[in-house]
Asker: 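Sharing a structure here in C-alpha cells format.
No experiment lies behind these values; they were computed from the predicted model shown.
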Amino acid sequence: MFLRMLKRSLLRGRKRKILAISTIFFAATLITALMNVSIDVGDKMTRELKTYGANIRVLPKSESIPLEIGGVDYNPLKGQVLLEEKDLVRIKEIFWQHNIVGFAPYLKTVVHVGGEHGRPIQMIGTYFSKNVPLPDEPTWDTGVKEIYPYWHVKGDWPADGDLSSVLVGSGLAKRTGWKVGDTIRIQARGAGGKATEALIKGVLSTGGPEEGALVASLALVQKLTGLQGRIQSASVSALTVPEDALSRRARRDLDSLSSKDYDIWYCTAYVGAITYQLEEELPNIAAKPIWQVAASEGAIINKIQLLMFVVTIAAFIASGLGISSLMSTTILERAGEIGLIKALGAADWEVYLLFLTEAALIGLIGGLIGWMAGAALSQLIGYSIFGQWISIKVIVLPVIMFISALIAFIGSLVPSRMIAKLYPAEVLHGRR
C-alpha cells in the first residue's frame with residue numbers, strides 16, 4: 001500500500017518534481033566538479049607551481065652547519081668539499097622517487113675573459129636538459145630547462161656536454177656589449193689556468209644572479225677547473241604536499257614522534273620527509289628545503305581547497321533552502337489529501353515517511369544526473385586551467401548520492417512538521 005501511495009505521489013505535480021530534481025541537479029553538478037578538482041588539485045597545483053623553481057637544495061654535509069663569527073656566517077670548508085656527479089642519479093632511488101621532477105647540478109668558478117689579465121667573471125656549469133637513463137625511465141631528462149621553465153634564452157641553448165658554447169646573462173651582456181654569435185676567450189683563474197674559446201649561443205634572462213654570469217654546460221666548467229666528475233651543489237624540484245601539524249612537529253624534533261606518527265610522516269610527501277630520505281640515500285650530502293618556495297606552494301593549495309569547501313557548503317545550503325520552499329508549497333497544496341489519509345487512520349509518522357521518502361528519491365535522481373554532469377564539468381575545468389584532464393574518482397559517486405539525498409531530506413524535514421498541524425476535520429471541512 002505504501003509503495004502504491006509513493007508511486008502516485010511521485011507522479012503527481014510533475015512540474016514541481018522536475019523543479020526539485022533540477023535544484024538537486026545543479027547543486028550535485030557543482031559539488032561533484034569541486035570534489036573531483038579538489039581531490040586532484042593538490043598534485044595539479046604542485047606541478048603548476050614547479051614552474052617557479054626548485055624547492056630543495058643539496059650541499060656537501062660540511063657546508064650544512066656554518067659557524068657564526070661576529071654575526072657573520074663563516075665556513076672555512078665552503079667550496080672546498082665537492083660531491084660526485086655520478087651519485088646524483090641516486091636521488092631517483094628514494095621512496096618518493098616518482099615525486100622528483102628533476103635536478104640540476106652546479107659547479108661555479110671565476111674565469112677571466114680576454115686573457116689572464118682580463119675581467120673576472122663568474123661562470124656556472126650545469127645541466128641544460130641532460131638525458132639521465134634510469135631503469136624504469138630510459139628517456140628521463142633533467143636540468144635547468146626542466147626545473148626552471150621560466151628561464152628564457154634569446155638565441156639557442158647549448159647542448160649538454162658542449163665544450164665550445166656558453167650563455168651570457170642578460171645583465172652581463174648589457175655591461176659588456178656581448179651578443180649572440182660573438183666568440184670570447186675564457187681562461188680559468190690562476191697562473192697556468194686552462195683556456196678555451198667559446199661561442200655565445202644565447203642571452204639568458206632568469207631574474208636571478210645568473211644574469212650577471214656566464215652559464216655553460218657542466219662538462220665545460222669541469223674541464224676548465226680540472227674537476228671532472230665533481231660538483232659543488234644541486235637543486236632538486238619535488239612534488240610535495242602542504243605542511244600540517246605533523247610535519248611541523250617533525251621539523252622541530254623528529255625524535256619526538258611516535259613510531260606510528262613517524263611512519264605516517266615518512267610515507268607522506270612532505271618536503272621534510274623527502275629531504276630526510278635524500279640524506280639517507282646520500283650520507284655525504286645535506287638536503288635543505290627552500291622554505292620560501294615550499295611554504296608558498298602549501299599556502300596557495302590550502303587556500304584553493306578552502307575556497308572549494310566554502311563554495312560546496314554554499315551550494316548545499318542554497319539547494320536545501322530551495323527544496324524546503326518547494327516542499328512547503330507541496331504540503332499546502334496536498335493538505336486535503338493529507339487530511340484524508342489521516343482520517344483513514346494513518347499516523348503522523350507514516351505521512352512523514354511518505355513525504356521524506358519521496359524527497360530522498362528526488363535527491364537520488366537529481367544526484368545521479370548531477371554526478372554525470374559534474375564529471376564532465378570537472379574535465380572542462382581541469383583542461384582549461386591545468387591543460388590536462390582531471391581524474392574521476394569512483395568514491396565521489398556514493399558521496400554525491402548521499403549528499404543529494406541528505407539535501408532533499410533536510411530540506412523536507414522542516415516543512416514536513418506542518419503535517420502534524422493539519423487536523424483532518426478542519427482540512428476536510430475546508431475542502432467543502
Asker: Salt bridge (Lys or Arg N to Asp or Glu O under 4.0 Å) with R175: which residues, sequence neighbours excluded?
Answerer: none
Asker: Tell me yes or no: between the side chains of E281 and Y276, is some donor less than 3.5 Å from an acceptor?
Answerer: no
Asker: Could you tell me the separation between the CH2 atom of W96 and the SG atom of C267, rounded to the nearest 0.5 Å?
Answerer: 7.5 Å
Asker: With distance as the sole criterion, is a donor-acceptor pair present between the side chains of Q228 and E85 under 3.5 Å?
Answerer: no
Asker: Enter the distance from S22:OG to I369:CD1 here, rounded to the nearest 0.5 Å.
Answerer: 8.5 Å
Asker: Is there a side-chain contact between S235 and I147 in this structure, where contact means two heavy atoms from C-beta onward sitting under 4.5 Å apart?
Answerer: yes
Asker: What are the two closest non-hydrogen atoms of L220 and M123, and how far apart are they?
Answerer: CD2-CE, 3.7 Å
Asker: What heavy-atom pair brings I124 and Q122 nearest, and what distance separates the two atoms?
Answerer: CD1-OE1, 4.1 Å
Asker: Within the structure provided, determine whether I100 and V236 are in side-chain contact (heavy-atom separation under 4.5 Å).
Answerer: yes
Asker: Roughly how far apart are L19 CG and I21 CD1, rounded to 0.5 Å?
Answerer: 10.0 Å
Asker: For residues I24 and L364, determine if any side-chain heavy atom of one lies less than 4.5 Å from a side-chain heavy atom of the other.
Answerer: no
Asker: side-chain contact (heavy atoms from CB on, under 4.5 Å) between V113 and L214: does it pass, once the steps are laid out?
Answerer: CA-CA 10 Å; V113 178; L214 293 172; 4.1 Å; yes
Asker: For the pair L368 and I400, evaluate side-chain contact (heavy atoms from CB on, under 4.5 Å) and give the outcome as yes or no after the intermediate values.
Answerer: CA-CA 8 Å; L368 180 60; I400 288 298; over 6 Å; no
Asker: Return the set of residues passing salt bridge (Lys or Arg N to Asp or Glu O under 4.0 Å) with D261 (not counting sequence neighbours), or none when no residue passes.
Answerer: R249
Asker: Using the six-membered ring wherever Trp is involved, compare the ring planes of Y148 and W151 and label them parallel, tilted or perpendicular (cut-offs 30° and 60°).
Answerer: parallel
Asker: Measure across A269 and L239 and return the closest heavy-atom pair with its distance rounded to 0.1 Å.
Answerer: CB-O, 4.0 Å
Asker: So do the side chains of L82 and I231 get within less than 4.5 Å of each other, counting heavy atoms only?
Answerer: no
Asker: Would you indicate whether F95, at its atom CZ, is surrounded by more than 12 heavy atoms from other residues, nucleotides or ligands within a distance under 6.0 Å?
Answerer: yes
Asker: Under the salt bridge (Lys or Arg N to Asp or Glu O under 4.0 Å) rule, what pairs show up with a residue in residues 97-108, not counting sequence neighbours?
Answerer: none
Asker: Side chains of I56 and F103: does their closest heavy-atom pair fall under 4.5 Å?
Answerer: no
Asker: Given T240 and N99, is the side-chain contact (heavy atoms from CB on, under 4.5 Å) satisfied, shown in steps?
Answerer: CA-CA 7 Å; T240 60; N99 283 51; over 6 Å; no
Asker: Do we see a donor-acceptor contact under 3.5 Å between the side chains of T139 and D141?
Answerer: no
Asker: Does any non-hydrogen side-chain atom of L257 lie less than 4.5 Å from one of W265?
Answerer: yes
Asker: Between P158 and S217, is any pair of side-chain heavy atoms under 4.5 Å apart?
Answerer: no
Asker: Could K92 and W140 be counted as a cation-pi pair, given that NZ or CZ must be under 6.0 Å from the ring centre and within 45° of the axis?
Answerer: yes
Asker: Rounded to the nearest 0.5 Å, how far apart are CG of L199 and CD1 of I184?
Answerer: 9.0 Å
Asker: Side chains of V144 and Y106: closer than 4.5 Å at any heavy-atom pair?
Answerer: yes
Asker: Which residues pass the side chain to side chain contact (heavy atoms under 4.5 Å, CB included) test with A360, sequence neighbours left out?
Answerer: none
Asker: According to salt bridge (Lys or Arg N to Asp or Glu O under 4.0 Å), who are the partners of D182, at least two apart in sequence or on a separate chain?
Answerer: K179
Asker: Under the salt bridge (Lys or Arg N to Asp or Glu O under 4.0 Å) rule, what pairs show up with a residue in residues 210-239, not counting sequence neighbours?
Answerer: E84-R230
Asker: Grab the two heavy atoms, one from L218 and one from L107, that are nearest each other, plus how far apart they are.
Answerer: CD1-CB, 3.6 Å
Asker: Hey, could you give me the CG/CD1 distance between L134 and I91, rounded to the nearest 0.5 Å?
Answerer: 11.0 Å
Asker: Give the intermediate values and the outcome of side-chain contact (heavy atoms from CB on, under 4.5 Å) for residues L204 and V168.
Answerer: CA-CA 6 Å; L204 176 65; V168 59; over 6 Å; no
